Amino acid sequence: MEPNQTPGSIATLEKENEELKDRVAQLTDFIEHGAVPLHWVNADGIIIWANQAELDLLGYDRHEYLGKSITDFHQDPTIIHELFKRLLDHETLSDYPATLICKDGSLKYVVISSNGLFKDGEFIHSRCFTKDITALVREEERRNHLMQLLKKSEERLRLAIEATALGTWDWVLEEGKIYLSTETKKILDLEDDILYPDHILALVHPDDRGEVSLKIEGLQHHISDRSFDFICRTKKSKLNNTCWIKVQGLIHFDPDQGLHRIIGSILDITDLKVAETTNAELVAIVNCSNDAIIAKSLDGTITSWNHAAEEVFGYSAAEMIGHSTEKLVPENLKDQENDLLQRLRTGESLKHFETKRRTKSGKLLDVSLTISPIRDERGNIFGISKIARDITDKKLEERRKNDFISMVSHELKTPLTSVLLFTQVLKQKFNESSDDVGLQITAKIENQTKKMTSLIRDFLSLARIEEGKLQVVIEPISLLTLFEEIKNEAELLINKHHIKFACDSNITILADRDKMGQVLMNLLSNAIKYSPDGGTITLGCEKFGEKIRLYVQDEGIGIDLADQKKLFNRFYRVDSEQTNHIAGFGIGLYIVSEILLYHHSTIEVESEKGVGTTFYFFLDVTPESQR
Ligand code: ADP
């Protein structure tokens with residue numbers, strides 16, 4: 001110590017004063033330029049001082065911050081009131097959360113630690129330390145956002161899994177437990193959420209247990225992550241109710257823990273298996289069928305071609321699939337084929353439609369086609385299935401039969417005409433000599449001969465219709481004259497019947513004289529045959545616009561509704577006690593309907609059992625007859 005610096009001396013005091021000033025200056029500098037943001041707010045809420053760190057934190061210049069109200073810088077100014085209240089209560093606040101507004105408009109998340117400076121019990125100003133926690137808050141927000149995304153994607157996955165009816169399971173090896181989802185329990189018919197590994201095999205169908213056991217055994221020897229899958233039947237399976245499941249999983253291998261978890265899914269694939277089996281059965285049926293079975297898309301492209309199609313048409317599946325059936329259709333039938341396709345597109349089906357097709361070697365085949373549209377589960381037509389049967393041999397046989405009938409009928413027709421002629425001459429002779437017995441016998445011969453002639457005429461027509469050789473010559477015919485001719489011809493068949501005409505005498509129809517006579521004769525002879533108790537038979541007509549409606553009405557036995565639909569089929573006869581003893585071949589009405597088709601008309605029937613029957617059809621008439 002120097003002599004003039006004794007304790008309490010002026011020199012000493014001055015020195016101490018200097019040192020004190022130095023320390024205050026250092027402290028002020030430390031606070032002014034320290035890293036911790038700090039500001040003071042007076043009792044009026046005005047910022048009276050702030051250090052550089054505080055200004056840097058918020059980005060303001062000194063003059064933009066100092067002298068301003070602290071509430072201008074808080075996102076939630078209402079907290080200032082609360083802060084002041086507590087400071088005035090001499091409370092020291094620690095880490096009070098607040099959000100401050102920076103100069104560039106961004107926000108800073110901070111925590112404020114503060115206490116008040118009082119002089120003589122009066123509040124002078126607050127001392128607030130501001131700690132920036134923006135990075136922490138942002139990190140927290142990011143984490144929350146991620147958690148939300150995770151939750152959403154988990155929810156999406158859950159919904160997706162629910163939508164697929166997929167069950168899930170989680171096998172935690174160290175716990176020795178397999179955790180099951182609700183869907184898995186449903187598929188396996190289990191109630192507990194947990195399945196123990198030892199119980200797995202008991203759930204498997206006995207026939208599949210060996211294989212599944214090997215699979216499970218194998219899983220436990222893996223030393224890396226690996227996926228696996230297998231299919232088996234469950235124990236629920238009964239002979240007629242097999243339940244199939246597909247199990248998929250991923251083995252999680254940890255180098256430290258080893259194999260520790262297997263997570264996977266389970267799906268009930270019974271429907272798929274049944275569909276597979278049905279499909280296999282159908283493929284087998286299609287492949288062993290003797291009929292050509294072909295599937296086509298709506299534009300006519302072949303999508304399937306079975307073995308029989310290869311044999312019938314000579315083209316292999318490889319040659320036909322992906323191509324059109326056009327080359328099978330003979331040139332003159334192209335329009336018919338297009339027409340068929342058009343009808344099928346609108347949902348129509350065709351059964352046993354007879355037509356011709358050409359084979360690879362150029363041979364023409366007679367085929368019978370059954371065609372139907374193929375629909376998807378919504379009922380929309382997306383293809384066409386065709387079953388083609390080769391009926392060339394059958395057609396050949398039919399042609400031979402028709403030729404034979406035609407030939408025999410022709411051979412019988414000439415001698416019968418002579419017999420009828422001679423009988424009529426004889427009848428005339430007996431009439432002149434008043435030989436009643438002779439007259440009766442010749443009348444009977446004439447009757448029977450006429451029946452035979454009419455039968456032969458029907459057989460000849462049948463053969464011609466079958467060959468498509470029936471020809472009609474349309475000419476004007478007086479309807480009343482035709483009715484009278486028919487009535488005369490049928491005279492000998494009649495016993496208790498009364499035939500009447502209900503027809504305008506001036507009507508002239510446009511028809512083939514011979515064929516229309518045959519139509520009316522067939523209908524009239526049926527009316528007589530099937531009215532054993534007699535009654536009135538009406539040959540009538542009514543005007544119907546430009547056409548006339550022609551009918552033959554009787555008061556006979558009538559026809560059941562079920563039979564009415566089949567009457568016009570070839571060889572169809574009603575099988576009943578009332579009709580069994582009445583002779584016939586079942587071709588009369590077939591010929592009527594076919595002849596009428598050549599007149600662009602169709603035969604219709606109205607009938608009631610025990611009341612009578614009316615057959616009717618429409619015909620063209622001359623313009624004069626239309627008035
Ligand atoms: P057929 O008379 O030779 O048996 P059709 O083709 O003329 O053959 O007639 C077919 C069937 O229709 C007959 O077997 C008969 O049962 C029924 N049928 C036809 N016409 C009548 C009618 N007028 N009344 C009642 N049944 C009839």
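Predicted, not measured: the structure shown is a model, and the values here were computed from it. Just so you know, these numbers use all the heavy atoms, side chains as well, and skip hydrogens, waters and symmetry mates. Residue numbers run from 1 in the order of the sequence given. One-based numbering, in listed order, for ligands and for the atoms of each.
Of the heavy atoms in Val574, both backbone and side-chain atoms come closer than 4.0 Å to ligand 1. The side chain of Phe615, and not its backbone, has at least one atom closer than 4.0 Å to an atom of ligand 1 (non-hydrogen atoms only; side chain from C-beta on). Proximity of Ile587 to ligand 1, defined as any heavy-atom pair under 4.0 Å, is confined to the backbone N, CA, C and O atoms.
Protein heavy atom nearest atom 10 (C) of ligand 1, with residue, atom name and distance: Tyr572 O, 3.4 Å. Residue, atom and distance of the protein heavy atom nearest to atom 23 (N) of ligand 1 are Asp554 OD2, 2.8 Å. The protein atom (non-hydrogen) at minimum distance from atom 12 (O) of ligand 1 is Leu567 CD2, 3.2 Å. Looking at atom 24 (N) of ligand 1, its nearest protein heavy atom turns out to be Tyr530 CB, 3.3 Å. In terms of protein heavy atoms, atom 26 (N) of ligand 1 is closest to Ile559 CG1, 3.4 Å. Looking at atom 4 (O) of ligand 1, its nearest protein heavy atom turns out to be Arg573 NE, 2.4 Å.
Side-chain atoms of Ser454 do not come within 3.5 Å of backbone N or O of Lys450 as any donor-acceptor pair. Not one N or O on the side chain of Asp390 forms a donor-acceptor pair closer than 3.5 Å with the backbone of Val312. Here the side chain of Lys334 pairs a donor or acceptor atom with the backbone of Val329 at under 3.5 angstrom.
Remark: Asp512 pairs with Val472, Val473, Asp514, Lys515, His599 by the side-chain contact (heavy atoms from CB on, under 4.5 Å) rule, at least two apart or across chains.
Interatomic distance, Lys296 NZ to Ser324 OG, rounded to the nearest 0.5 Å: 7.0 Å.
Taking any N or O of Thr579, backbone or side chain, none lies under 3.5 Å from an N or O belonging to ligand 1. Looking at Gly584 next to ligand 1, no N or O pair under 3.5 Å apart turns up. Residue Asn526 has at least one nitrogen or oxygen atom sitting less than 3.5 Å from a nitrogen or oxygen atom of ligand 1, judged on distance alone. Between Lys529 and ligand 1, a contact under 3.5 Å exists for at least one N or O pair. Residue Leu589 has at least one nitrogen or oxygen atom sitting less than 3.5 Å from a nitrogen or oxygen atom of ligand 1, judged on distance alone. Ligand 1 has a nitrogen or oxygen under 3.5 angstrom from a nitrogen or oxygen of Phe585. Annotation: Gly558 places no N or O atom under 3.5 Å from an N or O atom of ligand 1; distance criterion only.
Between Phe313 and Trp305, the ring planes are tilted. Angles from 30° to 60° get that label.
A heavy-atom distance below 4.5 Å is found between the side chains of Val574 and Leu567.
A salt bridge is absent between Lys401 and Glu398: the closest approach of a Lys/Arg side-chain nitrogen to an acidic carboxylate oxygen does not fall below 4.0 angstrom. Between Arg549 and Glu604, no side-chain nitrogen of the basic residue sits less than 4.0 Å from a carboxylate oxygen of the acidic one, so the salt-bridge criterion is not met. The pair Lys394-Glu397 fails the salt-bridge criterion, with no side-chain N (NZ, NE, NH1 or NH2) lying under 4.0 Å from an Asp/Glu carboxylate O. A salt bridge links Glu276 with Lys273: the closest approach of a Lys/Arg side-chain nitrogen to an acidic carboxylate oxygen falls below 4.0 angstrom.
The shortest separation from a heavy atom of Gly586 to ligand 1 is under 4.0 Å, placing the residue in contact.
Among Lys386, Lys327, Arg343, the one residue that satisfies the salt bridge (Lys or Arg N to Asp or Glu O under 4.0 Å) test with Glu337 is Lys386.
Of all atoms in ligand 1, numbered sequentially from 1 with element shown, those under 4.0 Å from a heavy atom of Thr613 are 24 (N). Residue Gly588 approaches ligand 1 through these ligand atoms, each under 4.0 Å from one of its heavy atoms: 5 (P), 6 (O), 7 (O).
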